[in-house]
Amino acid sequence: MERGAIPIEECPGGMDLRLTLESGQSYCWRRDDGLMYDGDDGGWYHTVVDGTDPRSAAPAGSGELIRVRQHDGSLEWESTTDAVPHLRRLLRLDDDLDAIIEETPDDPLIEEAYATHRGLRLVRDPPFPCLISFICSAQMRVGRIHGMQVTLSREFGDTLEIDDETYHAFPTPEQLAAASVEELRECSLGYRAPYVRETAEMVASGERPEDALGSAYEDARDRLTRFVGVGEKVADCVLLFSLGYLEAVPLDTWIRSAIEEHYPDCDRGSYRETSRAIRERFGEHAGYAQTYVFHFLRTGGRESEALEDT
DNA sequence: CGCCAGGCTAGCG
DNA sequence: CGCTAGCATGGC
């Protein structure tokens, strides 16, 4: 495997890998020890990325393994390829956190969240895994959403054998579309199983989530809701955590309670209008403020400690 | 046991 | 349009 390191100084505004990968925005990374939300700084995370153009008829098993940990002032990586461009893309290492925080409107809750979890970056997950993982997220806890993605990868994804270790890629649309609803239910998907299957079929037949790119924000959100199991909230998650719409603010139960408590004037009844009001309040990079506030509220304002298991 | 979790769909008025 | 019942599953 190739190896390398990216100094944290090259990440404007800093970087906290554990916060970034365990704050409930990405379900595309695994800890080596199999546990999320536990363990010390310095642990290794890994993911498998497409090694080929997704539009080509790629042969199975063409994925690239990327392993990374934060250690000694840098992001150390090991990979079957040059991981640097992948890490820059997936972890948004070029985002200037200082500038983003500076441009955010003055607000006590946002400022406390930024101060507590400094170094948390948004992610740029691959579109299909992001879409499926947030379809699975409906009425589900963060730890279990992660477990569902692990199971889906193990049951339906390609297998990579590297240095006597076994890694699983997230299943392709074709692989998930070929699964039966019963098989998906056995992965503890519950009533989300038919949603996942039907959406996988749609993507396999050519309607891809990344086709929303280029549309204005609300048009892109409307477009994503064509997928089965995708409403406005899940669409916002895909826009923010995969497609780079940094103004998206997913209105989940935590943010709704924050609106009720801290921004009651932003509650306009409908999702669309409340979304407009809170985006106006949070500024140009509203999605960054949302992600910090979400994690801050979900962890009860604590700086860092073990949260949930599985 | 009841309640809740990064909600959505279908069916109603 | 808006409103709501029903929906699987597991942890506390």
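Throughout, protein chains are lettered first and strands after them, A, B, ... in sequence-line order, and every chain is numbered starting at 1. No hydrogens, no waters, no symmetry mates; every other heavy atom, side chains included, goes into these values.
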* Between A/Tyr271 (OH) and C/dG2 (P), how many Å, whole number? -> 14 Å
* Looking only at side-chain N and O atoms, does A/Gln139 come under 4.0 Å of OP1 or OP2 in B/dG7? -> yes
* Asked: Does any donor atom in the side chain of A/Tyr114 or A/Asp107 lie under 3.5 Å from an acceptor atom in the other side chain?
  -> no
* Among B/dT9, C/dG10, B/dA5, the one nearest A/Ser188 by side-chain distance -> C/dG10
* Asked: Do A/Tyr191 side-chain and B/dG7 base share a donor-acceptor contact under 3.5 Å?
  -> yes
* To do: Look at the aromatic rings of A/Phe170 and A/Phe128 and report parallel, tilted or perpendicular, splitting at 30° and 60°.
  => perpendicular
* In whole Å, what is the span from the CD1 atom of A/Ile255 to the P atom of B/dG7? -> 11 Å
* Asked: Base, sugar-phosphate alone, or nothing: which one does A/Glu232 contact when heavy atoms must sit under 4.0 Å apart?
  -> sugar-phosphate
* Asked: How far, in whole Å, is B/dA5 from C/dC3 if one measures between their C1' atoms?
  -> 22 Å
* Which whole-number value in Å describes the distance from A/Trp254 CH2 to B/dA5 P? -> 7 Å
* Look at A/Thr253 and B/dG7 and indicate whether a side-chain polar atom (N or O) is within less than 4.0 Å of OP1 or OP2. => yes
* Asked: Between B/dA5 atom C1' and A/His146 atom NE2, what is the distance in whole Å?
  -> 17 Å
* To do: Test for a donor-acceptor pair under 3.5 Å between the base of B/dC4 and the side chain of A/Arg141, counting only N and O atoms.
  => yes
* Just to confirm, is there a sub-4.0 Å distance from OP1 or OP2 of C/dA8 to any side-chain nitrogen or oxygen of A/Arg185? -> yes
* Roughly, in whole Å, what's the span from CE in A/Met148 to P in C/dG10? -> 10 Å
* OP1 or OP2 of C/dC1 less than 4.0 angstrom from a side-chain nitrogen or oxygen of A/Ser270, does that happen here? -> no
* To do: Sticking with atom C1', work out how far C/dG10 lies from B/dT9, rounded to a whole angstrom.
  => 23 Å
* In whole angstroms, how far is the C1' atom of B/dC8 from the CZ atom of A/Phe227? -> 16 Å
* Measure from CZ on A/Arg268 to C1' on C/dC1 and round the result to the nearest Å. => 19 Å
* Asked: On DNA chain B, nearest-nucleotide positions of A/Gly229 versus A/Phe294: which is more 5'?
  -> A/Phe294
* Could you tell me whether the side chains of A/Ser26 and A/Asp125 share a donor-acceptor contact shorter than 3.5 Å? => yes
* Could you check whether the rings of A/Tyr27 and A/His146 sit parallel, tilted or perpendicular, using 30° and 60° as the cut-offs? => tilted
* Asked: When the distance from CZ of A/Arg197 to C1' of C/dA8 is rounded to whole Å, what number comes out?
  -> 19 Å
* Under 3.5 Å, is there a donor-acceptor pair between the A/Glu247 and A/His285 side chains? -> no
